[in-house]
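Single-structure report; data block below.
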Amino acid sequence: MGKELTSKEENYSQWYNDLVSKADLAENSAVRGCMVIKPYGYAIWEKMQAALDQMFKDTGHENAYFPLFIPKSFFTKEASHVEGFAKECAVVTHYRLKNDPNGKGIIVDPEAKLEEELIIRPTSETIIWSTYKNWVQSYRDLPILVNQWANVVRWEMRTRMFLRTAEFLWQEGHTAHETREEALEETEKMINVYADFVENYMALPVIKGAKSEHERFAGALETYSIEALMQDGKALQSGTSHFLGQNFAKAFEVQFTSREGKLEYVWATSWGVSTRLIGALIMAHSDNNGLVLPPKLAPVQVVIVPIYKSAEQLTLISERVKVLVDQLKRRGIRVKYDDRDSQRPGWKFAEYEMKGVPVRLAIGPRDLENGTVEIARRDTLEKKVEQIEGIESLIEDLLVEIQRNIYNKALKFREENTTKVDTYEEFKERLATKPGFILAHWDGTMETEAIIKEETKATIRCIPFDGVEEEGKCILTGKASNRRVIFALSY
RNA sequence: CGGGGUGUAGCGCAGUCCGGUAGCGCACCUGGUUUGGGACCAGGGGGUCCCAGGUUCGAAUCCUGGUACCCCGACCA
């Protein structure tokens, strides 16, 4: 016992924290704002990485690795970039410790001060563009299509497991192109890759769109994002792709000789997703019994629990299960047989529900006699008894069905929580009573956006790509608008 | 950085007001009975009570200072 979750209706935030801890995904560390990702949580990240990495490679990208440390001076080269990150940087000032001459303990050796401080990367644009300078001479050296899997540090004031931590894991793609058009195309291509991943692997529908100027990445001309809706009605930015124009090329003097023999600056993009996606995954599908994982990302897709009274029974069950495990593995299904004698079946059922394992099988003496198996699905909590013969193909289909079902459930939720609103009163009313995505007209100015944020805490999540042209009036100023944007409270 | 809270066994907490040699639940170990939805019985091990100083015959408890973490705000691609 002692594994009760706080219900999400009672306290959503507590429910989330309980879930992270009780599903054994992560825990707080000795370092403020930094978490330990535990094996089960990390296994989910590995599944995500594997799928994304393949998608990047399929779109022509290669992996590389750049330093964790960035010389301070690099940050001063792109003005808006430094502005965006300066307030949350960890800085390395010394390189040596020594014994405290005045007593016990150890101190930073004041004589080991660095000539130039090093910043622990909050993102790698600067170190990468200082490197690309040496890689690019001619249009023949382009494009550069590089991705890096790395950790970054942002000294956030307040942190939450996976959603915002001081250190987090991510990937960052940094590409260099000959033309503006090609870079824009790349920016769009990668936001599509992200949307594809989140929808097809995470089973979470997203809205693709452009960020308003105010919400744009520091140093970007254009930021595209995918926005997902969580069960508490708040939006979570799940991935971004930035068109950086020639800002970084100019800051780091990355020029090339064009086909016409002219010296030109290269065009850049950067794009990233992080361990925040795990936060999205948790919040999107889980219930008051625990995590619900989409089969495509579940470290364990099928768990088999034996039920027995004697060692002889266990032996018989194990013999039958071994055959089934082999059959499932041959189909590429990730299966675990939990024959630990240290926990009872009921305990295991609850445990695997907490951990979100999509399919659970239970086999006892009764089943051996009848040639059956009990099969339970995590998404609906339904249990059925089926013939064990041929169960492997039923399971294979069921995994596909569960993947589809949780996507549809999330899509239905989003549709039910997306509203068109035409007045500011209605807008405020909606935020107060039933938050979600709100489609409203906006006059396109930063001032209006800032006032709305100030008064309601809602921000423009994105200007959707698939939005329809439509005459309307800004909900705040009444000025003309030709398209609705998505407002929401966000993480 | 502002407001609030908490540091006592691996985890969750009581004890602090009113000073007297530290306790409960879970977990852990041993043995037994159990096992189709979070088992039960019996026995057992485990503590610089966040740190430093002070008051006292005596401090988890009172006083002073420090420190860490959590929550709420502000901040945040």
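Small disclaimer: the values here were computed from a predicted structure and weren't measured. Just so we're on the same page: letters track the sequence lines, and every chain starts at 1.
Atoms CD1 (A:I307) and C1' (B:rG36) sit 4 Å apart, rounded to a whole Å. Remark: P of B:rC11 and CG of A:N28 are 13 Å apart, rounded to the nearest angstrom. Distance, A:R461 CZ to B:rC76 P: 13 Å, rounded to whole Å. Rounded to whole angstrom, the span from the CD atom of A:E27 across to the C1' atom of B:rC11 amounts to 11 Å. Taking atom CG of residue A:D339 and atom C1' of nucleotide B:rU35, one finds them 14 Å apart after rounding to whole Å. We find that CG of A:L489 is positioned 16 Å from P of B:rC76, with the value rounded to whole Å. As rounded to whole Å, 15 Å separates atom C1' of B:rG37 from atom OH of A:Y352. Rounded to an integer number of Å, the gap from A:K457 NZ to B:rC76 P is 13 Å.
Side chain of A:T459 to backbone of A:K453: no donor-acceptor contact under 3.5 angstrom is found.
Mapping A:G33 and A:F349 onto RNA chain B via the closest heavy atom, the residue that lands nearer the 5' end is A:F349.
Here, B:rC63 and B:rU56 have their P atoms 16 Å apart, quoted to the whole Å. Comparing B:rU6 with B:rC11, their C1' atoms are spaced 16 Å from each other, to the whole Å. Comparing the same atom, C1', in B:rU34 and in B:rC41 gives a spacing of 11 Å after rounding to whole Å.
Checking B:rC71, B:rG38, B:rU35 against every side-chain atom of A:Y308, the shortest atom distance belongs to B:rU35. Of all nucleotides listed (B:rG37, B:rG36, B:rU35), B:rG36 comes nearest to the side chain of A:E374. Side-chain proximity of A:K453 to the nucleotides B:rG38, B:rC75, B:rC76 is greatest for B:rC76. Closest to the side chain of A:D341, from the set B:rC71, B:rU35, B:rC76, is B:rU35. With B:rG36, B:rG37, B:rG38 as the choices, the nucleotide that has an atom nearest any side-chain atom of A:P365 turns out to be B:rG36.
A donor and an acceptor atom never sit less than 3.5 Å apart when one is taken from the side chain of A:K348 and the other from the base of B:rG36. Judged by distance alone with a 3.5 Å cut-off, no donor-acceptor contact links the side chain of A:R344 to the base of B:rG36.
In a base pair of the Watson-Crick type (N1 to N3 plus N6-O4 or O6-N4) or a G-U wobble (N1-O2 and O6-N3), with each distance short of 3.5 Å, B:rA52 is matched with B:rU64. Partner assigned to B:rU30 is B:rA42, using Watson-Crick or G-U wobble distances below 3.5 angstrom.
Across all strands shown, A:R366 has heavy atoms under 4.0 Å from base atoms, whether or not it also approaches the sugar-phosphate. Within 4.0 Å of A:G364, counting heavy atoms only, lies at least one base atom of the nucleic acid. Using a 4.0 Å heavy-atom cutoff across all strands shown, A:R160 reaches no nucleic acid atom at all. Contacts of A:R216 with the nucleic acid, taken as non-hydrogen atoms under 4.0 Å apart, involve only primed sugar atoms and P, OP1 or OP2. Among the protein residues, A:Q343 comes within range of no part of the nucleic acid, since none of its heavy atoms lies under 4.0 Å from any strand.
In this structure, A:R276 forms no cation-pi arrangement with A:F168, as its terminal cationic atom is not both closer than 6.0 Å to the ring centre and no more than 45° off the ring axis. Figure legend: A:K355 and A:Y352 shown without cation-pi pairing, the cationic atom not lying both under 6.0 angstrom from the six-membered ring centre and within 45 degrees of its axis. Cation-pi geometry between A:K208 and A:F465 is not met: the NZ or CZ atom fails to fall both under 6.0 Å from the ring centre and inside 45° of the normal.
Using cut-offs of 30° and 60° for the angle between ring planes, the A:F217 and A:H242 rings count as parallel.
Between A:F75 and A:F85, the ring center distance fails the sub-6.0 Å criterion.
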